[in-house]
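In each ligand, atom 1 is the first atom listed, and ligand 1 is the first ligand listed. Here the structure is a predicted model, which is why all the values come from computation and not from measurement. Residues take their numbers from the sequence shown, with the count starting at 1. Atom set for the values below is all heavy atoms of this structure, side chains included, hydrogens, waters and symmetry mates excluded.
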Amino acid sequence: MAAGGEKIDYVFKVVLIGDSAVGKSQILARFARNEFSLDSKATIGVEFQTRTLVIQHKSVKAQIWDTAGQERYRAVTSAYYRGAVGALLVYDVTKRQTFDHIPRWLEELRSHADKNIVIMLVGNKTDLEDQRAVPTEDAKEFAEKENLFFLETSALEATNVEAAFMTVLSEIFGIVGKRNLSAADSQSNGSAAAPLAGKKIVIAGPAQEMPKSKTCCQSS
Ligand SMILES: Nc1nc2c(ncn2[C@@H]2O[C@H](COP(=O)(O)OP(=O)(O)OP(=O)(O)O)[C@@H](O)[C@H]2O)c(=O)[nH]1
């Protein structure tokens with residue numbers, strides 16, 4: 001649930017990548033609005049949606065970016081990955097080719113995104129079990145080898161979509177939390193975020209910490 005809409009502690013940018021028609025837009029629709037559409041149109045360019053959640057009493061705005069799997073509709077790659085702290089690398093469990101292309105997507109991700117980006121491999125459309133072409137074990141093995149999180153989902157049945165995002169966001173939260181702790185340790189005045197106060201969100205490094213707003217600090 002959104003934390004009242006007024007106070008955001010963190011904004012985490014997460015990108016969705018994978019071949020066309022694996023279900024990226026529907027995974028996003030399920031997570032952001034709890035919606036699903038069977039006649040989903042191919043994405044052209046880039047879109048994003050947000051959802052605000054609470055993780056360990058902090059309000060986290062997940063900004064999820066979705067782009068076209070089709071090469072001709074893809075936007076400038078480096079801009080898409082800039083500032084991303086998490087990624088869902090999606091294939092369709094009923095289409096072997098979409099899984100075979102995963103190493104290419106991973107390579108693109110690793111060459112454009114921050115090296116500490118948290119990556120989740122996602123096998124979507126598990127509701128079509130009778131058409132399965134990618135055994136769970138194959139994907140699990142690949143994920144272990146490449147050090148990725150792994151889950152199978154169904155955007156249609158709302159299976160594991162929440163878990164996929166929550167795993168990535170919680171992991172990012174853990175990393176950012178640790179980093180902020182060490183930043184506070186190294187600054188004797190402990191005011192690491194103070195120079196940003198009152199300004200717009202600054203995309204600096206892989207994660208963004210929101211400055212505390214006036215409303216937040218006066219009322220608390
Ligand atoms: N059965 C089933 N169909 C799904 C699921 N997720 C998506 N689809 C369908 O698969 C088709 C493609 O879904 P999209 O979400 O548009 O795929 P995409 O990866 O965003 O495609 P691009 O925008 O071209 O990159 C649509 O017809 C969806 O309704 C799922 O979990 N189960």
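Proximity of Leu38 to ligand 1, defined as any heavy-atom pair under 4.0 Å, is shared by backbone and side chain alike. Proximity of Asn124 to ligand 1, defined as any heavy-atom pair under 4.0 Å, is confined to the side chain (atoms from C-beta onward).
Note on Lys140 versus Asp138: no salt bridge recorded, every NZ/NE/NH1/NH2 to OD/OE distance being 4.0 Å or above.
For the residues Ser20, Ser154, Gly18, the heavy atom positioned nearest atom 24 (O) of ligand 1 is part of Ser20.
Atoms of ligand 1 lying under 4.0 Å from at least one heavy atom of Gly69, given by number and element, are 22 (P), 25 (O). Short contacts between ligand 1 and Ala42, defined as distances under 4.0 Å to a heavy atom of the residue, involve ligand atoms 23 (O), 24 (O). Ligand 1 places these atoms under 4.0 Å from at least one heavy atom of Ser37: 28 (C), 29 (O).
Residue contact check for ligand 1: Asp19 places a non-hydrogen atom closer than 4.0 Å to it.
Scanning all protein heavy atoms for the shortest distance to atom 16 (O) of ligand 1 gives Ser40 OG, 2.5 Å. When hydrogens are left out, the protein atom nearest atom 21 (O) of ligand 1 is Ala21 N, 2.9 Å; that is the closest non-hydrogen contact. The single protein non-hydrogen atom nearest to atom 23 (O) of ligand 1 is Thr43 N, 2.7 Å, given as residue, atom name and distance. The nearest protein atom to atom 9 (C) of ligand 1, hydrogens excluded, is given as Lys125 NZ, 3.9 Å; this is a heavy-atom distance.
An N or O contact shorter than 3.5 Å is missing between Asp66 and ligand 1 by distance.
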